[in-house]
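In what follows, chains are A, B, ... by sequence order, proteins preceding strands, each numbered from 1.
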Amino acid sequence: MSSDRRKPYPFDLFEPRWQAYWAANETFRVRNPGEPGFDASRPKYYVLDMFPYPSGAGLHVGHPEGYTATDIIGRYKRMNGYNVLHPMGWDSFGLPAEQYAIKTGQHPEITTAQNIASFKTQLNKIGFAYDWSREIATSSPDYYRWTQWIFLKLYNAWFNPESNRAEPISTYTGEKPDSVRLAYVSEAPVNWCPELGTVLANEEVIDGKSEVGGFPVERRPMRQWMLRITAYGHRLIDELDGLDWPESIKLLQRNWIGRSEGASVDFRLAPETGLERTITVFTTRPDTLYGATYMVLAPEHRLVDEIVTEEQWPAVRDYREKTARKSDLERTELSKEKSGVFTGAYAINPVNGERVPVWIADYVLLGYGTGAIMAVPAHDSRDLEFAQKFDLPIRVVVLAPGQDEAGSIGFCGDGTATGSALIDALPTPEAKRTLIDWLEANGHGKRSINFKLRDWLFSRQRYWGEPFPILWENGQHRPLPEGELPLTPPPLSDFKPTGTPEPPLSKAPEWVRYSESATRELNTMPQWAGSCWYYLRYCDPRNANRFVSKEAEAYWMGGGKPGGVDLYVGGTEHAVLHLLYARFWHKVLYDLGELTTPEPFQRLVNQGIILGEDGQKMSKSRGNVVNPDDVIAQYGADAFRLYEMFMGPLEQMKPWSMTGVEGVSRFLARVWRLVLEENQAGEWVLGPVSAEVEPDKAQLRVIHASIKKVSEDIEGLCFNTAIAQMMVYVNAFTAKTPRPLCALRTLLVLLNPFAPHITRELWERLDQHFPGGPQGEIEDQPWPSFDPALLVEDEVEIVIQINGKTRDKQVVPLQADRAAIEALALENERVKEAIAGKSVKKVIVVPGKLVNIVAV
RNA sequence: GCCGGGGUGGCGAAAUUGGCAGACGCGCCAGACUUAGGAUCUGGUUCCGCAAGGAGUAGGGGUUCAAGUCCCCUCCCCGGCACCA
């Protein structure tokens with residue numbers, strides 16, 4: 001006997017055949033408005049996956065989970081008469097691709113091309129209905145030419161606070177346009193990762209380590225390109241409201257942007273300092289101003305140098321040096337114990353003219369607010385801790401509900417103002433308002449909104465990314481002329497990071513030198529640049545004149561309110577990275593009149609991660625990684641797809657199970673044998689199928705209930721229950737022969753989005769035996785509709801409860817009214833038995849469902 | 001610490017407005033067909049109990065004729081943020 005197991009149905013023969021057929025016929029190609037073959041009568045549906053970065057590890061079973069979900073939706077919408085845009089491409093610039101190239105000692109251009117090829121082969125083996133004519137790669141010059149073009153748009157724009165939107169820099173009338181550009185150069189301290197040899201954005205640093213590789217990150221001042229995402233803080237928060245996104249993701253973005261409302265307050269320095277300066281602080285609690293008994297500056301704050309007194313200099317210098325040596329990680333880890341030093345200077349509290357000492361302490365961060373605080377120890381736990389340690393006064397100015405002064409220490413909620421002349425006895429919200437009004441009227445401060453979000457550090461000291469279309473001359477930057485795009489990187493053989501902040505592009509002096517007096521910018525853009533707008537390029541991927549044509553953008557991204565991609569599926573890991581950056585770019589382009597919608601992704605769904613069979617996260621070191629290729633070789637692509645969807649709810653984390661794959665594979669084999677049977681020679685021939693036989697009443701009910709359930713479940717992305725319903729369908733037809741042809745055809749159409757190969761094969765076989773059936777290919781069949789009348793049964797089984805406990809069940813006519821059901825129930829033998837000797841207090845009848853008899 | 005999302009059989013999970021808890025699948029048990037079965041088909045399978053019956057959706061309380069579902073408290077798991085003034 002041969003040792004290799006017989007396949008339950010010959011998927012290995014027909015799956016590759018249909019895949020080749022779809023590719024050769026461009027079955028899933030979709031046309032743009034104006035192109036021949038475009039059908040304007042159909043509505044559009046844009047369904048998008050987060051495109052993968054083609055790593056060397058290849059596809060794992062997590063990728064196709066979301067991809068299968070969108071594939072089902074795309075095929076389903078297509079059968080429902082939509083023009084479906086369902087593209088795929090490659091996020092091929094950036095750190096992961098470059099790290100892989102360095103590891104294998106090959107040029108990233110080569111490894112990237114190889115990885116893309118193998119990813120594509122893998123995806124095609126799963127039978128996805130992509131329009132491959134729209135394939136894009138962020139590292140191809142045709143693509144990044146427009147990434148660079150968009151960067152120049154940002155460079156040549158500013159955010160006008162009057163109009164609350166981006167405008168061309170030409171509308172700026174101030175002195176220093178370079179200080180307002182959306183893309184600008186900054187010298188601020190940045191996250192430098194020596195191991196990766198590049199700086200990183202805040203969003204790419206997790207617990208003081210790089211998101212890629214987990215290497216230590218340190219702060220150091222460097223000249224870098226920044227994008228002014230903070231200008232969009234309001235809109236990035238406010239416009240989340242209209243999006244159909246998981247609340248959890250919206251919340252992550254809200255928290256990350258971190259909007260707080262309050263006031264900025266100016267404290268003048270005390271007269272003896274001889275300085276006409278103010279310290280401005282941000283506070284969310286202006287009502288506690290009377291309780292401000294000291295101030296704290298961040299150790300790095302610029303004012304420190306000016307205000308510190310002679311005798312405090314040594315202590316201050318010492319403290320600053322210690323702080324500077326700490327990494328961000330240490331600074332937060334050692335946060336338990338408060339530390340700080342008095343500067344020797346005093347400031348004047350504007351509400352009561354009191355002199356308050358000014359300290360420096362590392363619990364105040366330079367990067368948030370103004371880098372200075374007014375400390376209210378009675379109502380802020382950090383200030384309290386600090387005040388107790390350094391014996392600073394603690395003054396209660398807010399009474400907690402039902403508490404006296406002593407009991408209000410440490411209280412930070414809403415209460416009643418006390419010991420605060422201007423606002424005494426006012427409840428907190430009113431006290432805030434009143435005090436801000438007073439500050440504004442007297443020129444001591446103003447209403448203010450502060451964001452945690454910081455500008456986006458946009459340059460990297462790496463090779464494998466988009467070069468900046470920027471030239472330097474006499475220390476001044478200017479844009480590269482648009483006609484010189486794309487700006488391709490020099491073909492370096494040694495592209496490795498230099499180990500210093502000097503970018504590797506500096507290794508190509510001829511490339512760097514632009515003219516006698518001008519040189520090129522040496523930094524490259526981060527990986528996120530390409531993914532910020534790829535969904536736009538899919539709309540018109542070969543356009544050589546624009547990043548996307550107006551018509552294509554209006555068609556695929558427009559329509560509906562607020563429009564955009566109709567369904568976007570991907571992991572949560574991009575919540576505050578890609579999903580925030582892309583919204584930002586999109587809004588800028590929208591403001592500049594390049595786009596028709598303010599938001600890119602109308603509906604977002606996160607697929608849950610797939611764990612290994614052991615319930616642990618899949619990883620090479622655990623040896624629990626499942627490779628799609630292996631599963632497909634053994635069970636076929638349809639079984640693989642179906643299992644991915646049958647595992648459980650799309651958004652949930654769930655473990656892989658090979659026996660589960662076997663289960664859905666058995667189901668598909670039952671579908672196969674519903675239509676075909678094996679003859680003596682081992683060939684699959686038509687089984688007991690009849691065109692004459694009609695489904696019986698019960699079968700009709702299953703057919704129509706299934707059409708309803710499968711349709712609703714696909715719309716709701718509940719694929720697991722849709723599949724369960726199709727299993728019920730198959731079970732209802734296996735026992736009885738001959739099988740009605742029409743029922744089988746309907747089943748194949750319902751199942752087609754999930755298992756496109758087997759349904760296509762069986763559809764063809766039925767066509768051969770029963771010519772003259774429905775016209776066209778199964779992929780183009782109209783989605784079936786159900787007849788509600790056929791769902792209704794003549795009789796229903798109702799439950800008979802006594803005191804809420806089920807005692808019996810009884811079949812009654814559907815039309816039976818309350819009285820009839822009650823009468824029937826009281827006649828019931830079991831009921832009579834149970835209520836003997838008791839009195840019936842109440843009878844609740846829910847027609848079609850149950851009777852509950854309350855008896856005591 | 002704060003903010004989210006969860007906790008239902010041996011396992012993955014189902015369960016409109018509160019209305020038969022456990023659909024569907026895995027696994028397991030029994031049987032049929034077979035030279036054979038890791039194929040296929042049929043039946044069973046929440047727990048305790050021979051049974052009648054009882055218990056049961058993390059735990060405790062409440063509302064209700066009726067609670068997985070609504071309200072209050074507690075515990076546990078997962079994710080995020082974390083000196084954000």
Looking only at atom types and distance, does a side-chain atom of Lys250(A) sit under 3.5 Å from a main-chain N or O of Leu243(A), one as donor and one as acceptor?
yes

Please determine, for the side chain of Arg670(A), which listed nucleotide (rC41(B), rG12(B), rA85(B)) has the closest atom?
rC41(B)

Just by distance, do the side chain of Arg395(A) and the backbone of Thr293(A) share a donor-acceptor pair under 3.5 Å?
no

Phosphate OP1/OP2 of rA55(B) contacted by Lys805(A) side-chain N/O (<4.0 Å):
yes

How would you label the contact of Pro246(A) with the nucleic acid (heavy atoms, under 4.0 Å): base, sugar-phosphate, or nothing?
nothing

Considering Watson-Crick and G-U wobble pairs with both distances under 3.5 Å, what does rU8(B) pair with?
none

To the nearest Å, how far apart are Leu366(A) CG and rA85(B) C1'?
14 Å

Is it true that a side-chain atom of Lys654(A) and a backbone atom of Leu650(A) form a donor plus acceptor pair closer than 3.5 Å?
yes

Tell me whether the OP1 or OP2 atom of rG25(B) has a side-chain N or O from Asn731(A) closer than 4.0 Å.
yes

Heavy-atom nearest nucleotide on RNA chain B for Glu247(A) versus Val799(A): which residue maps closer to 5'?
Glu247(A)

Output the rounded distance in Å from CE (Met295(A)) to P (rA85(B)).
16 Å

Choose from rA85(B), rU17(B), rA13(B) the nucleotide whose nearest atom is closest to any side-chain atom of Leu365(A).
rA85(B)

Selection from rA13(B), rC65(B), rG19(B) that lies nearest to any side-chain heavy atom of Gln801(A):
rG19(B)

Watson-Crick or G-U wobble mate for rA85(B), both contacts under 3.5 Å
none

Between rU57(B) and rG19(B) - P atom distance, rounded Å
16 Å

Which nucleotide, if any, forms a Watson-Crick or G-U wobble pair with rG79(B), using both distances under 3.5 Å?
rC3(B)

Is a side-chain donor or acceptor of Arg447(A) paired with a backbone partner of Ile436(A) at a separation under 3.5 angstrom?
no

Can you say whether a donor on the side chain of Lys338(A) sits under 3.5 Å from an acceptor on the base of rC83(B), or the other way round?
yes

Using the P atom as the point on both nucleotides, what is the distance between rA23(B) and rU45(B), in whole Å?
10 Å

Between the base of rC20(B) and the side chain of Lys809(A), is there any donor-acceptor pair under 3.5 Å?
yes

Counting only side-chain heavy atoms from C-beta out, which of rA85(B), rC26(B), rA14(B) sits nearest to Thr659(A)?
rC26(B)

Indicate, with a heavy-atom threshold strictly under 4.0 Å, whether Val846(A) touches base, sugar-phosphate, or nothing.
base

How many whole angstroms separate atom OH of Tyr643(A) from atom P of rG25(B)?
15 Å

Taken to the nearest whole Å, CG/Leu850(A) to C1'/rA21(B) is 14 Å

Rounding to the closest angstrom, what is the interatomic distance between rG12(B) and rG27(B) at atom C1'?
11 Å

Side-chain N or O of Arg673(A) versus OP1/OP2 of rA39(B): is the shortest distance under 4.0 Å?
no

May I ask you to check whether Phe386(A) and Tyr294(A) place their ring centers less than 6.0 Å from one another?
yes

When the C1' atoms of rA66(B) and rA82(B) are considered, how many whole Å apart are they?
45 Å

Using Watson-Crick or G-U wobble geometry with both distances below 3.5 Å, tell me the partner of rG49(B), or none.
none

Rounding to the closest angstrom, what is the interatomic distance between rC41(B) and rA52(B) at atom C1'?
35 Å

Answer with base, sugar-phosphate or nothing: what part of the nucleic acid does Leu252(A) contact at a heavy-atom distance below 4.0 Å?
sugar-phosphate

Is Leu251(A) touching bases, backbone alone, or none of the nucleic acid, heavy atoms closer than 4.0 Å?
sugar-phosphate

Of all the choices, rC24(B), rA85(B), rC65(B), which nucleotide is nearest to the side chain of Ile373(A) once you look at every atom?
rA85(B)

For His301(A) and rA85(B), give me the distance from atom NE2 to atom P, rounded to whole Å.
17 Å

Rounding to an integer number of Å, can you tell me how far Arg254(A) CZ sits from rG80(B) C1'?
15 Å

I want to verify the glycosidic state of rG37(B); is it syn or anti under the 90° rule?
anti

For a quick test of reading the model: is some side-chain N or O of Asn720(A) closer than 4.0 Å to OP1 or OP2 of rA14(B)?
yes

Contact class for Ser260(A) (heavy atom, under 4.0 Å): base, sugar-phosphate, or nothing?
sugar-phosphate

If we call it a pair only when both distances are under 3.5 Å in a Watson-Crick or G-U wobble match, what pairs with rC41(B)?
rG31(B)

Which of these nucleotides, rA14(B), rA13(B), rC24(B), is closest to any side-chain atom of Gln652(A)?
rA13(B)

Opposite nucleotide pairing with rA58(B), Watson-Crick or G-U, both atom distances under 3.5 Å
rU74(B)

Can you tell me how far P of rG12(B) sits from CE of Met727(A), to the nearest Å?
17 Å

Upstream residue (5' side of RNA chain B) when Gly369(A) and Ala735(A) are each assigned their closest nucleotide:
Ala735(A)

Flag yes if more than 12 heavy atoms outside Lys389(A) fall under 6.0 Å of its NZ atom; otherwise flag no.
yes

Arg818(A) and Val845(A): which non-hydrogen atoms are nearest, and at how many Å?
NH1-O, 2.7 Å

Describe the nucleic acid contact of Gly663(A) in one word from base, sugar-phosphate, nothing, applying a heavy-atom distance below 4.0 Å.
sugar-phosphate

Expressed as a whole number of Å, how far does the P atom of rG60(B) sit from that of rU8(B)?
16 Å

Please state whether the phosphate of rG80(B), meaning OP1 or OP2, lies under 4.0 angstrom from any side-chain nitrogen or oxygen of Ser248(A).
no

Counting the atoms with a prime plus P, OP1 and OP2 as sugar-phosphate, which does Asn852(A) contact under 4.0 Å by heavy atoms, base, sugar-phosphate, or nothing?
base

Any donor-acceptor pair under 3.5 Å from Asn852(A) side chain to Gly804(A) backbone
yes

May I ask you to decide if Ala705(A)'s main-chain N or O and Tyr729(A)'s side chain share a donor-acceptor pair within less than 3.5 Å?
no

Calculate the interatomic distance between Glu211(A) atom CD and rC81(B) atom P; express it in whole Å.
10 Å

Phosphate OP1/OP2 of rC26(B): any Arg666(A) side-chain N/O under 4.0 Å:
yes

Pairwise P distance, rA58(B) and rA13(B) [rounded to whole Å]
15 Å

Considering only atom P, compute the distance from rG18(B) to rG38(B) and round it to an integer number of Å.
50 Å

